[in-house]
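Notes follow once the structure below has been shown.
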Number of protein chains: 2
Amino acid sequence: MSEGSSGGGQRGETLLYLTDEQLRKGIEAMFFAYKGFTSDPDRILETRGYGRAHHRAIHFIGRAHGTTVNNLLAILGVTKQSLNRVLRTLIEDGLVESRVGTRDKRERHLFLTEEGETLERALSEVQQARMREAFRIAGPGAVAGFREVLEAMMDPEMRRRYQRLAETGQ
Amino acid sequence: MSEGSSGGGQRGETLLYLTDEQLRKGIEAMFFAYKGFTSDPDRILETRGYGRAHHRAIHFIGRAHGTTVNNLLAILGVTKQSLNRVLRTLIEDGLVESRVGTRDKRERHLFLTEEGETLERALSEVQQARMREAFRIAGPGAVAGFREVLEAMMDPEMRRRYQRLAETGQ
DNA sequence: CATTTTATGTCAGCCTTGTTGACATTGCCA
DNA sequence: TGGCAATGTCAACAAGGCTGACATAAAATG
């Protein structure tokens with residue numbers, strides 16, 4: 001069962017940071033921090049009648065200009081029906097533009113319009129402000145550790161996507 | 001890839017770790033990592049017909065035995081109607097027990113039953129396993145940084161709850 | 001003691017966002 | 001030309017948020 005490190009745990013003083021207690025704290029920290037992480041954008045989105053799904057779409061379209069629907073589906077990890085509903089409203093509202101691919105005409109390439117970029121900036125501004133403050137308080141060493149742990153926590157495929165995005169913007 | 005990011009952190013120098021690019025990476029890391037963080041428990045919950053809301057309730061009841069409904073509401077940050085729906089099914093299914101308070105008979109104190117504890121262990125086992133592996137890969141220094149940043153990212157009230165939970169179990 | 005407040009539960013209805021399944025269109029490619 | 005890929009769309013459903021309204025019991029207060 002829960003053969004964690006708490007029961008017999010003395011043997012590795014060096015592994016103190018791997019006790020059940022430490023892991024539990026990590027789990028709860030993720031929960032509470034994620035709440036904070038999403039709260040500021042949520043407030044902005046609410047005034048527009050959008051939700052987190054819209055934010056995610058806007059973020060990754062703004063991040064990888066001209067990305068295809070399929071690529072976005074893979075990044076977000078939702079069904080096309082689910083994404084399409086969100087995408088449709090964003091296009092109708094004039095925040096996103098969908099252009100037929102030139103190389104492959106089956107593909108649609110997605111772009112933020114002027115208005116879409118404005119909203120994107122507003123959203124990332126508040127989210128970045130919170131993260132900037134957290135980074136500033138914690139300091140550069142902590143930030144490096146933060147990212148190392150998060151990266152190690154991702155599913156391998158998501159880690160690849162994350163790294164590819166970070167490096168190439170696609 | 002954590003490629004060092006912060007280079008120097010000399011004081012007059014750059015604060016390179018606070019660039020928009022670094023912040024964006026942090027934001028995306030949170031997104032992808034949270035996905036991984038919840039994926040293992042989600043798989044278990046699915047087989048039982050439960051969702052994340054059930055997991056959260058089970059986690060915090062298991063964490064703070066005998067907590068009241070009101071306390072749980074504050075921790076989870078949802079409405080009582082929302083929590084009640086989840087709590088009702090957990091009680092009906094015999095995973096949670098609700099006892100009338102002795103000091104204040106208006107209060108209900110919540111406990112996991114034997115079966116509830118079994119599920120709780122199964123859920124936290126897989127979640128802890130992922131976090132243990134991430135912590136092991138990243139190492140103790142990174143873990144400390146990870147928690148510092150997450151803590152700084154919480155809303156103050158949530159930070160207080162988090163710390164209180166971590167210290168007193170209530 | 002009467003009144004108000006608190007803690008909880010419940011009904012009803014709405015919204016977002018996820019799901020599955022089915023089907024149509026278009027265009028690439030062998 | 002036939003098959004597969006990329007996309008869009010319709011329909012139905014579920015989880016889990018939300019609000020509003022109302023009920024009950026018990027504590028707290030004037």
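Rounded to an integer number of Å, the gap from CD of Glu46(B) to P of dC13(D) is 19 Å. Arg56(B) has its CZ atom 11 Å from the C1' atom of dA15(D), to the nearest Å. Following rounding to the nearest Å, Arg52(B) (CZ) and dT19(C) (P) show an atom-to-atom distance of 11 Å. The OH-P distance, from Tyr50(B) to dA14(D), rounds to 17 Å in whole Å. Atoms CG (Asn84(B)) and C1' (dG16(D)) sit 13 Å apart, rounded to a whole Å. When the P atom of dC28(C) is taken as reference, atom CZ of Arg108(A) falls 11 Å away, rounded to whole Å. Taking atom CG of Asn70(A) as the reference point, atom P of dT7(D) lies 4 Å away to the nearest angstrom. One atom, CG of Leu72(B), and another, P of dG9(C), lie 11 Å apart when rounded to the nearest Å.
Mapping Leu83(A) and Thr68(B) onto DNA chain C by nearest heavy atom places Thr68(B) at the nucleotide closer to the 5' end.
Among the protein residues, His54(A) comes within range of the sugar-phosphate backbone only, with heavy atoms under 4.0 Å from sugar or phosphate atoms but none that close to a base.
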Taking it one step at a time, do Arg24(B) and Glu21(B) satisfy salt bridge (charged side-chain N to carboxylate O under 4.0 Å, His left out)? CA-CA 5 Å; Arg24(B) 209 191 23 67; Glu21(B) 170 67 10; 2.5 Å; yes
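By the 30° and 60° cut-offs, the orientation of the rings of His54(A) relative to Tyr50(A) is parallel.
Judged purely by atom type and a 3.5 angstrom limit, Arg159(B) uses its side chain to pair as donor or acceptor with the backbone of Met154(B).
Note that the CG atom of Leu110(B) and the CG atom of Leu83(B) stand 8.0 Å from one another [nearest 0.5 Å].
In this structure, Phe31(B) has its ring center closer than 6.0 angstrom to the ring center of Phe60(A).
The side-chain contact (heavy atoms from CB on, under 4.5 Å) test with Met153(B) is passed by exactly one of Tyr34(A), Phe146(A), Phe32(A): Phe146(A).
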Scoring nucleotides 18-30 of chain D by protein non-hydrogen atoms under 4.0 Å (B base, S sugar-phosphate only, - none) yields BBBB----BS---
